Amino acid sequence: MNDTALQLRTVVVEREFPYPAEKLWRALTQPHLIEAWLMKSDFQPRAGHHFKFSADWGSVDCEVMEIELHKTLSYTWAAHGLESVVTWTLDPTPGGTQLRMEQAGFRTDQEQAYQGAKMGWKRFFDTLDGVLAKESA
C-alpha cells in the first residue's frame with residue numbers, strides 16, 4: 001500500500017429519519033427529489049449509469065457503482081480534482097430509518113474539499129429532512 005492510500009480521509013454523516021426506507025430511497029434516486037435537496041441531476045438508479053450533479057458553482061461527474069433497492073446506493077463523485085465515492089446506507093429502525101452517508105477518498109492536500117464536505121453534507125441532510133416532511137408517504 002502506498003503512502004497516499006494511507007492518508008485518504010472520509011466524511012460520514014448519519015441521522016435517523018422518522019420515515020420508512022422506501023421514502024428516503026425515493027429522495028435519493030428520483031431526479032426531481034434529488035434536485036430539491038441536493039443538486040440538479042440526470043441520475044438513473046442503475047449500475048454503470050454515468051450522470052452529473054449540477055450547481056451554480058459547477059458540476060460533479062458520477063457513475064453508479066452499486067445499488068440495492070431500499071438499502072445501499074454508491075456512486076463515484078469527481079469534481080475539482082477530487083476523486084471520491086459516496087455511499088448511502090439505509091437501515092430500518094423502530095422509529096424510521098437510519099441514513100448513513102459516507103464520502104471516501106479525500107487526500108490530505110484536499111483540506112478545503114474535506115472541510116466543505118463535512119459542512120455541506122450536514123446542510124444537505126437538513127434540507128433533505130425538510131423535503132421529506134413535505135413529501136407524501
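As the structure is a computational prediction, the values presented were derived from the model and not from experiment.
- With contacts defined as side-chain heavy-atom distances shorter than 4.5 Å, the pair Leu132/Lys23 qualifies.
- The side-chain heavy atoms of Arg46 and Val64, taken from C-beta on, include no pair separated by under 4.5 Å.
- Distance check: Gln103 CD to Lys118 NZ gives 12.5 Å after rounding to the nearest 0.5 Å.
- Counting only heavy atoms from C-beta outward, the side chains of Phe43 and Leu73 approach each other to under 4.5 Å.
- Pairing each heavy atom of Glu16 with each of Thr93, the nearest pair is OE2-OG1, 2.5 Å.
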**OP:** Give the intermediate values and the outcome of side chain to side chain contact (heavy atoms under 4.5 Å, CB included) for residues Glu14 and Leu99.
**Re:** CA-CA 6 Å; Glu14 293 185 85; Leu99 181 64; over 6 Å; no
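- Thr89 contributes atom OG1, which lies 10.5 Å from atom CE of Met101 (distance to the nearest 0.5 angstrom).
- Nearest heavy atom pair, residue Val60 against residue Ala79, reads CG2-CB, 4.0 Å.
- Taking hydrophobic clusters as Ile, Leu, Val, Met, Phe, Trp and Tyr residues chained together by side-chain heavy-atom distances below 4.5 Å, Ile34 shares a cluster with Trp57.
- Put simply, CG on Leu33 and NZ on Lys134 are 11.5 Å apart, with the number rounded to the nearest 0.5 Å.
- Shown here for Leu90 and His70, the closest heavy-atom pair between the two residues is CB-O, 3.6 Å.
- Tyr75 and Val85 fall into different hydrophobic clusters, where Ile, Leu, Val, Met, Phe, Trp and Tyr side chains are chained together by heavy-atom contacts under 4.5 Å.
- At least one donor-acceptor pair under 3.5 Å links the side chain of Gln110 to the backbone N or O of Gly81.
- Residues Gly48 and Glu63 come closest through the heavy atom pair CA-OE2, 3.7 Å.
- Relative orientation of the Phe53 and Phe51 rings is perpendicular, given thresholds of 30° and 60° on the angle between their planes.
- Asp61 is listed as a side-chain neighbour of Lys52, based on a closest heavy-atom distance under 4.5 Å.
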Subject >> Stepwise side chain to side chain contact (heavy atoms under 4.5 Å, CB included) check, Gln98 with Leu24 >> reply: CA-CA 10 Å; Gln98 181 76 16; Leu24 273 88; over 6 Å; no
Original post:
Between Trp77 and Trp88, is a ring-ring contact (aromatic ring centres under 6.0 Å, His included) present by the stated rule, with each step listed?
Top reply: CA-CA 13 Å; Trp77 178 286; Trp88 298 93; 9.3 Å; no
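- Using cut-offs of 30° and 60° for the angle between ring planes, the Phe124 and Trp37 rings count as perpendicular.
- Taking every heavy atom of both residues into account, Thr87 and Ser74 meet most closely at OG1-OG, 3.2 Å.
- Atom-to-atom distance recorded for Glu22:CD and Thr97:OG1 is 7.5 Å, nearest 0.5 angstrom.
- Using bins of under 30°, 30° to 60° and over 60° for the plane-to-plane angle, the ring pair Phe125/Phe17 lands in the tilted bin.
- The structure places CH2 of Trp25 at 11.5 Å from CD of Gln30, a figure rounded to the nearest 0.5 Å.
- Contact detail for Ala36 and Thr127: the closest heavy-atom pair is O-CG2, 3.7 Å.
- A 4.5 Å side-chain heavy-atom check between Trp121 and Leu128 finds every atom pair outside the cut-off.
- Linking ILVMFWY residues whenever their side-chain heavy atoms come closer than 4.5 Å, directly or via other members, leaves Leu69 and Met65 in distinct clusters.
- Using a distance-only test at 3.5 Å, with no hydrogens or angles considered, no donor-acceptor pair links the side chain of Thr72 to the main chain of Glu68.
- Both tests hold for Arg9 against Tyr114: distance to the six-membered ring centre under 6.0 Å, angle to the ring axis within 45°.
- Here Glu66 contributes atom CD and Lys71 contributes atom NZ; the two are 12.0 Å apart, rounded to the nearest 0.5 Å.
- For His49 (side chain) and Asp42 (main-chain N/O), a donor-acceptor pair under 3.5 Å exists by modelled atom type.
- The shortest side-chain heavy-atom distance between Thr76 and His50 does not fall under the 4.5 Å cut-off.
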